[in-house]
Amino acid sequence: MAQEIRNYTMNFGPQHPAAHGVLRLVLEMDGETIVRADPHVGLLHRGTEKLAESKPFNQSIGYMDRLDYVSMMCNEHAYVRAIETLLGLEAPERAQYIRTMFDEITRILNHLMWIGSNALDLGAMAVFLYAFREREELMDVYEAVSGARMHATYYRPGGVYRDLPDRMSQYRESPWHKGKDLKRLNSWREGSMLDFLDAFTADFPSKVDEYEELLTNNRIWKQRTVGIGVVSPEVAQQWGMTGVMLRGSGIAWDLRKKQPYAKYAEMDFDIPVGVGGDCYDRYLVRVEEMRQSNRIIRQCVEWLRANPGPVMVENFKVAPPKREAMKESMEALIHHFKLFTEGYGVPAGETYAAVEAPKGEFGCYLVSDGANKPFRVHLRAPGFAHLSSIDTVVKGHMLADVVAMIGTYDLVFGEVDR
Amino acid sequence: MTDTQKTSLAERLAARFGDTLKIGVARDETTAEVAAADLLAVAAALRDEPEFRFGELIDLCGIDYLGYGQTEWNTETVSGTGFSRGVEGEAVGRFRWENRPRAGHQPRRFAAVVHLLSIELNQRLRLRAFCEDDSLPVLPSLTGVWPGANWFEREAFDLYGILFEGHPDLRRILTDYGFVGHPFRKDFPLIGNVEVRYDPEQKRVVYEPVSIEPRVLVPRVIRDDADLVQARAEAADDWRRN
């Protein structure tokens, strides 16, 4: 007797633990095999771009942190660079080095989050705990420099909000941190933030070895990732992929090398490239990127130690005057008042500024009509382009491979939905 | 590299496409404006021809030019009552749906802006295509040239209501299921039209008209010559230096 077998439609998310937030994936299944994947995004849509149109330029920097909320400062960097391009403004050299350093700190933060959550999705619990140990240290650096552990609002048009702090916050004695443990935790934190970063980066490669120890030759890990989600270089280009998704497929494209911004032209680092374009290659690329970011941070620390200087332009149309100056100078008071009530006008025109964010090319297309608010801001999020290709990539794979694929895309819905 | 690198992208575009493109270069960025009817042919040529090789569509977004250059403050002339104060403005965020600004003076409101990237030649290009009809903005879909345009066009449709002819699956993407309107249009209120809350009696989420008032803290103002005037004035002011 002939029996009709119909495809089965399944909802993956929006509450699935491996959906990285709020992805609703409607999967059409033939048994365990994916026939069609239809992601429903937008559950986190906040209309950031429209909100930015109603506010002076500087007031939207904080929104940028909340897009890709695991690589905060890189998003700010794109937005701030777009404004600077239109203003014809260049940040002081020290600010450029600080931005380069924090972009790389952010990259490590992002990749740590990625390696932990991706491994967790694929069944390796311990990596998450290891990765968050180092993430904690770097979050403290964010906090030391901006006062916020995540949403820093640290980059400003014309430089950065303030210079690096002279000291790091220390752990206080508590039932959880005491005695020798407390001493060990605080041993890096005696000196300035740069001392702390120096100690951290000297130690970090050995920490990356630990993650690799857990995963690189792990048989289960390789079974879940090798040959899964292969993206050919042609497919990668057709779907507008950037960053690791492109490099994992063997295309050596990195904006830090090809269209350098900030101080990347002065940095000595390598671009790791994959061969097969599968999830495992992208894993290897990201791990190597952490090591390369570590190298860049060390170079920045060295330069920043030797070269004190201003971190903000002396243009009071875009940067606030010093607090002391405001006590004595009427001009400074007026500048301060105008900047924080009305903001500054940006010359009419349009620009597209892109940075190599940890997830790929994060771009900001900015149109100004000369007013103190942007006329149109469009944020090009790498995750949005990547996720749109999921139907092509995942077709014919098993259900469990979808989880591996979502993980390797490194999705964060703050930026996909904007 | 090849000799294509010796001439600028703008020159190569002008030589190849002639009057089809309106080309501008500003801040080292090349922008080409193309008529909607020519968009597909130009896009295919830009992707395939050896001197362009734009293999990647990096970004596509809609834009609504309604109210471009309009401000809420008069900064040029002083009247008997002083400078105007921007309480009556129509800028984004200040109105409800009932009294939204009506178009009229803007010749063509909607456009799609495409950012292309050539990995082989390391060059970028911005392509802009205006929609001819404001009441029914239509553009040809680029999904046949770059499949990655798919979601970007869905987004532009969702937020601006631009219809992409030939798109395989033109659904809304970012807004809620059953959303009405195109929220990023300049005549769509910032506060929206509806709000949701959980109704304990009906035991479900209900939609209601918005209860919040439109409010903007900072008026929109253009001082196009303020910097220039001040720079000139400061240069002329000798007493500052003495």
Side-chain angles (χ1 to χ4, degrees), chain A residues 38-43 45 47 49-51 53-56 59 85-86 88 234-242 246 251 253 258-259 317 341-345 347-352 354 361 363 365 367 369-373 375-376 378-380 384-385 387-389 391-392 416-418, chain B residues 26-29 31 55-65 67-71 73 91-94 113 115 117 119 122 124 126 128 146-152 154-155 158-159 169 172-177 183-184 186 188 190 192 216-224 226-227 230:
Chain A
D38 177 21
H40 288 211
V41 300
L43 285 97
H45 179 61
E49 297 163 7
K50 177 129 180 157
L51 277 172
E53 288 172 13
S54 71
K55 295 184 189 322
Q59 290 183 18
T85 313
L86 282 182
E234 295 77 33
V235 167
Q237 288 206 46
Q238 281 169 3
W239 287 91
M241 291 185 186
T242 45
L246 200 56
I251 300 177
W253 176 262
K258 304 284 181 181
Q259 300 174 359
K317 294 283 178 232
T341 52
E342 185 179 296
Y344 47 85
E350 55 184 346
T351 190
Y352 176 80
E361 176 176 327
Y365 172 54
V367 182
D369 59 353
N372 56 343
K373 303 173 182 184
F375 183 75
R376 167 86 167 113
H378 179 70
L379 300 155
R380 192 269 178 197
F384 188 75
L387 184 59
S388 71
S389 72
D391 185 44
T392 313
V416 174
D417 297 345
R418 281 159 290 150
Chain B
R27 302 172 200 86
D28 297 330
E29 294 173 49
T31 310
E56 279 213 32
L57 179 136
I58 281 291
D59 186 27
L60 185 151
C61 69
I63 180 163
D64 177 2
Y65 280 97
Y68 184 88
Q70 280 177 13
T71 60
W73 266 12
V92 66
R94 286 208 187 270
V113 179
H115 286 93
L117 170 71
I119 282 176
N122 193 2
R124 283 180 192 275
R126 174 161 47 239
R128 190 193 341 265
W146 294 281
N150 190 320
W151 276 27
F152 289 109
R154 278 177 68 186
E155 183 192 316
D158 188 1
L159 303 179
D169 185 21
R172 284 184 180 275
I173 186 164
L174 290 180
T175 50
D176 198 1
Y177 302 112
F184 275 31
K186 291 283 182 181
F188 191 93
L190 186 67
V216 172
L217 296 179
V218 183
R220 186 179 170 80
V221 53
I222 297 182
R223 302 180 188 276
D224 29 34
D227 275 7
Q230 183 164 359

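So that the names make sense, note that chain A is the first sequence line, chain B the second, and so on, each numbered from 1.
In this structure, chain B has a heavy atom under 4.5 Å from the side chain of Leu246(A), while its backbone stays farther away. For Glu361(A), the part lying under 4.5 angstrom from a heavy atom of chain B is the side chain only. Residue contact with chain B, scored on non-hydrogen atoms closer than 4.5 Å, involves the side chain of Val367(A) exclusively. Within the 4.5 angstrom heavy-atom criterion, only side-chain atoms of Ile251(A), from C-beta onward, approach chain B. For a residue to count as touching a neighbouring chain, one of its non-hydrogen atoms must lie under 4.5 Å from one of that chain's; by this rule Ala348(A) touches chain B with backbone and side chain alike. Heavy atoms closer than 4.5 Å to chain A are found in the backbone of Leu60(B), but not in its side chain. Contact of Tyr344(A) with chain B is not made at all, since no heavy-atom distance falls under 4.5 Å. Only the backbone of Pro183(B) comes within less than 4.5 Å of a heavy atom of chain A; no side-chain atom from C-beta onward does. Proximity to chain B (any heavy atom under 4.5 Å) is shown, for Ser54(A), by both the backbone and the side chain. Only the side chain of Asp38(A) has a heavy atom closer than 4.5 Å to any heavy atom of chain B. Contacts of Arg172(B) with chain A are absent, with no heavy-atom separation under 4.5 Å from either backbone or side chain.
By number of non-hydrogen pairs under 4.5 angstrom with chain A, the leading residue of Asp169(B), Asp59(B), Asn150(B), Ile58(B) is Ile58(B). In terms of non-hydrogen atom pairs under 4.5 Å with chain B, the most contact-rich of Thr85(A), Leu51(A), Thr351(A) is Thr351(A). The candidate with the highest count of non-hydrogen atom pairs below 4.5 Å against chain B, out of Glu234(A), Gln237(A), Arg418(A), Lys258(A), is Gln237(A). Counting heavy-atom pairs closer than 4.5 Å to chain A, the top residue among Leu174(B), Leu217(B), Val113(B) is Leu174(B). For the set Asp28(B), Asp158(B), Leu117(B), Asp176(B), the count of heavy-atom pairs under 4.5 angstrom toward chain A peaks at Leu117(B). Interface summary for chain B: among Lys55(A), Gln59(A), Met241(A), the most heavy-atom pairs under 4.5 angstrom belong to Met241(A). Of the listed residues (Thr175(B), Leu57(B), Ile63(B), Leu159(B)), the one with the most heavy-atom contacts under 4.5 Å to chain A is Ile63(B). Counting heavy-atom pairs closer than 4.5 Å to chain B, the top-ranked of the candidates Thr392(A), Val235(A), Leu387(A) is Leu387(A).
Using a cut-off of 4.0 Å between Lys/Arg side-chain N and Asp/Glu carboxylate O, Glu56(B) and Arg124(B) are scored as not salt-bridged.
Tyr365(A) and Glu350(A) share a donor-acceptor pair across their side chains, judged by distance under 3.5 Å alone. A side-chain donor-acceptor contact under 3.5 Å links His40(A) and Tyr177(B).
Between Glu342(A) and Asn372(A), the shortest heavy-atom distance links the atoms O-ND2, 2.8 Å.
Lys50(A) contributes atom NZ, which lies 10.0 Å from atom CZ of Arg376(A) (distance to the nearest 0.5 angstrom).
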